[in-house]
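Chain naming here is simple, since letters A, B, ... match the order of the sequence lines and numbering starts at 1 in each. Since we're looking at a predicted model, the values are computed, not measured.
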Amino acid sequence: MSVDSAAPSQSGFTWWSRSGLTPFSFVLWLTLGLMALLIIYPLGLAIVYEYDNIVASFHSLVDGPLSRTVPTVILNTLIVVFGATAIALLIGSILAWINERSDASLGFIGQLLPLCALIVPPVAGVIGWAVLLDPRAGLANFALRNLLEHFGITMRTGPFNIYTMWGLVIITSLYTVPYVFLVVSAALQRVDPAMEEASRTGGAGPIKTMMRVTLPAIRPALAASLLLGVISGLSLFSVPAVLGGGARIDVISVYIFRLLQSYPAQTGPAITLSIGLLALVQILLVLQNLVTRPGRNAAISGKGFRATPVRLGKLRWIAYAVAVLYLLATAVLPILGLLLVSLQPFWTPAVNFSTLTLANFSFVLFENRQTVSALINSVTLGFIVASFNMLVTGAFALHFARNGKARKLADILTGIPATIPHTVIGVAFILAFSREPLRIYGTTAILLLAYIVMTLSYAARAAASAAASIGGELSEASRVSKASDMKTLWRISLPLAMPGLVAGWIMVFVHTVGEVTASAFLSGTHNPVIGRVLLDLWNFGNFPQVASLALVITAISASLVGLMLFITRRSQRLTTS
Amino acid sequence: MVSAPRVSVRNLTKVYRTRRGAHVALDNVSLDIDPAEFVVLLGPSGCGKTTLLRCIAGLEEPDSGEILIDGKVVFSSKAGIYVPPEKRHLSMVFQSYALWPHMSVLENVIYPIRNSGKPQREAARRAQDALDKVGLGKYAAAYPGQLSGGQQQRVALARAIVSGDGLVLFDEPLSNLDAKVRERLRLELLSLQSQIGFAAVYVTHDQTEALALANRIAVMDVGTVAQIGAPEEIYDHPVSRYVADFVGSANELEGTVVGTGDALRVRTAFGELKSANFPKSIAEGQKVSVMIRPEHCDVAADANIDNRITGRLVRSLYLGAVRQHFLETEGGELLITTQAPVTANADGNLTVTCPPLRVHVFAQGT
Ligand SMILES: Nc1ncnc2c1ncn2[C@@H]1O[C@H](COP(=O)(O)OP(=O)(O)OP(=O)(O)O)[C@@H](O)[C@H]1O
Ligand SMILES: [Mg+2]
């Protein structure tokens with residue numbers, strides 16, 4: 001930076017200025033390059049190191065000892081992922097349509113919906129449901145049994161059992177809905193309602209209009225959310241890890257994890273399956289691109305519209321009910337379940353209100369060394385990862401705001417992690433970083449690197465949209481007001497982009513603190529983080545502590561998301577006044 | 001020219017390369033601007049006015065040519081020199097005002113002074129001065145979002161003049177404002193310029209604004225300067241039909257030269273017209289374009305004057321300051337403007353004349 005501003009103005013083209021590089025942009029490119037390396041290097045290295053094992057694993061997968069279990073695991077995975085995605089696609093699209101097109105606009109709930117999976121980390125949600133619907137000790141099941149007893153029906157277990165395929169599918173789908181909702185809402189906002197109105201005036205009813213006009217117009221969005229759902233479903237680890245044990249249902253991410261945990265670790269099959277997983281996602285990406293090839297869907301025009309809402313009449317209450325039910329299911333009920341368990345000395349379905357205690361919270365927060373250091377580690381890592389990623393992607397987006405080529409290249413680079421299931425990242429990091437030259441397995445450093453990679457896409461997307469909201473003339477005005485490009489970045493672009501960057505920071509932080517997949521793979525007794533410790537406590541049966549810890553991270557996430565809503569709303573008010 | 005020009009643009013070429021191909025936005029443009037001179041770049045949309053301004057400011061890098069500011073080379077493709085905007089010692093006013101919404105009005109104006117290394121106290125004093133000059137002294141603590149469009153534009157003006165640079169660039173600064181505010185700000189701008197004495201390059205596509213503000217007008221055609229000169233010169237002696245057409249309104253017709261000499265005789269649909277306003281290169285028998293401005297036609301009093309045109313008076317419009325009249329002649333429609341009302345004679349006809357000096361003749365195709 002000092003070189004840049006102190007350079008004599010007439011020294012002619014230096015190598016820097018000829019190539020369009022300033023020292024600052026050089027540093028940016030270097031950082032981005034290193035981050036790209038961080039994506040490619042572990043996977044490549046893992047494949048190189050494990051080459052022999054990979055080859056050997058083909059044998060064991062095809063007709064060796066694993067050939068009996070793996071097909072079942074794959075089948076289970078497909079059922080869970082596609083089942084959950086299908087349900088999420090249905091619920092998410094309906095909610096999006098209600099919110100965008102009907103007179104039952106959801107208002108505040110509509111804003112909360114996409115944030116559900118952030119407010120309540122999936123791992124907390126699934127544990128909450130497990131304590132509600134455990135066939136024996138589930139709080140909701142117990143209440144239902146008492147209710148049924150009044151009607152003369154007596155049951156020892158049930159009526160519901162969360163540890164089933166249905167349980168897996170439905171809980172997974174709950175946390176896929178927000179992706180669908182966001183993508184489909186955005187698409188609906190861009191479809192010209194005039195098309196729909198033309199269909200309505202042409203004599204087609206609302207249902208027919210939806211089937212014939214609206215759905216085809218948003219087909220690319222549906223394909224995109226299908227893909228998003230599948231990717232997130234494939235790497236969703238917390239739901240199968242919590243429920244799969246009791247249900248004796250293995251899905252691929254948990255199966256790979258267990259391959260690595262077994263003694264001796266079966267690294268070959270683990271990485272082979274990971275590569276298969278990665279390949280599947282990439283194939284789906286290609287398919288999605290084929291479906292959404294531009295030109296085939298000419299319906300979208302650029303402006304924001306306000307459609308005349310479709311009048312639902314009495315159906316409106318059903319619409320509200322669907323939305324409220326969804327909120328209950330993702331947030332309210334699981335939190336309630338967690339709360340009841342966390343306040344008891346031990347988990348019993350018959351809540352004795354006279355023995356409620358805060359002891360579990362104080363134990364988790366202050367006494368238990370494992371949970372305390374997990375909390376400290378997770379929060380610290382979240383802080384560093386969010387700050388680093390937003391700093392790099394923010395500086396990049398702002399600095400290259402007027403350089404389309406640089407932005408496109410950065411978009412591609414930073415978009416890669418979003419297409420890699422977290423399981424794959426976990427496996428690759430374990431295998432690549434357990435030996436020289438970078439032997440960091442078991443340290444917080446490996447978690448740091450993994451989290452940086454995994455949240456890079458979120459960070460980049462948030463930074464890009466924050467930068468895009470600043471007009472180019474504002475920074476140009478600063479340049480002609482005798483400010484260098486660094487000073488312009490610091491005094492003009494950065495403050496203006498700040499609300500967007502802070503929102504991005506919070507997103508990354510919350511994702512990091514609630515992360516389970518890579519944490520399960522990479523964290524241990526020496527570098528505990530919340531995601532891993534939650535699973536361990538669950539497996540050891542320390543249920544009140546699990547519940548308290550889950551509530552603690554839910555509280556952290558919820559308050560930060562609240563802050564995010566506050567900041568973005570306030571900055572909207574500022575810019576529109 | 002006694003003193004050295006403030007800005008010298010020499011053979012400037014700028015090509016935009018897009019996916020659809022190359023677009024030559026500036027084609028070998030040369031232009032000199034003297035200190036304290038007010039030059040207006042006038043031209044239709046897309047002709048490269050903004051591009052030229054941005055090249056001078058250093059926001060855009062030209063492909064070839066040279067730019068000198070106060071005799072110092074700030075861009076030269078040959079010598080490989082490109083001085084960034086912050087070191088060119090100029091200011092710019094943007095069409096969108098480009099006030100920074102997160103800074104107060106005073107902070108907006110202080111920013112450029114601070115950047116040129118002045119201490120905070122002096123900067124604040126000068127900024128307050130500048131705000132007083134544009135009549136916004138009371139609003140120093142306000143934020144841009146709380147000001148009206150006209151007030152915001154005044155802040156932008158204050159921000160541009162405050163650092164005392166010898167050169168201020170304006171890109172259609174008044175185009176977002178209503179006519180009344182625009183006229184007032186125009187006057188304020190002129191008085192500021194004469195007080196402070198900066199050279200101004202001012203982009204607009206409003207010809208009235210150009211004529212009102214400019215010491216010299218540069219009329220631009222796509223990527224090139226078609227003519228540069230004082231407003232009167234551009235108005236009275238346009239070098240091409242393009243310029244004549246763009247500045248002021250005009251009656252246009254085709255003709256053939258039938259006699260040369262001190263005055264040209266041209267056969268047109270309106271009959272034979274005498275012109276004393278034509279390029280030297282015009283020869284007998286040549287096909288030419290003839291242009292007559294509506295306000296240069298007089299209602300004929302004397303039967304002996306040249307260039308008599310008679311037509312039926314079909315409509316008169318009262319426009320306040322002037323009156324517009326449409327004459328239907330055998331050769332087509334003629335538009336004239338007068339101060340006083342006119343009356344047609346008994347058969348509804350009116351005869352007008354136009355002095356030969358006011359009949360412009362151009363070679364065809366210019
Ligand atoms: N960044 C760019 N990339 C590609 N082409 C451009 C770019 N900027 C301008 N152009 C093209 O260069 C030409 C000149 O543009 P310029 O902005 O200088 O026009 P202008 O005279 O200022 O017009 P207006 O009066 O509408 O502002 C236009 O044809 C425009 O399309
Ligand atoms: Mg322009």
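A donor atom on one side chain and an acceptor atom on the other are not found under 3.5 Å apart for B:T204 and B:E172. For B:S175 and B:Q95, the side-chain atoms include at least one donor-acceptor pair closer than 3.5 Å. Side chains of B:S91 and B:D165: a donor on one and an acceptor on the other come within 3.5 Å.
Contact count versus chain B (heavy atoms, under 4.5 Å) is highest, among A:P495, A:S475, A:S478, for A:S478.
At a 4.5 Å heavy-atom cutoff, B:R88 makes no contact with chain A through either its backbone or its side chain. The contact between B:S163 and chain A is made entirely by side chain atoms (from C-beta outward), counting heavy-atom distances below 4.5 Å. If you measure heavy-atom distances from B:L99 to chain A, the contacts under 4.5 Å come from the backbone alone. Contact of B:E60 with chain A is made through the side chain alone, with heavy-atom distances under 4.5 Å.
Using a 4.0 Å cut-off between charged nitrogen and carboxylate oxygen, B:E209 and B:R186 count as a salt-bridge pair.
A centroid separation of less than 6.0 Å is found between the aromatic rings of B:F38 and B:Y202.
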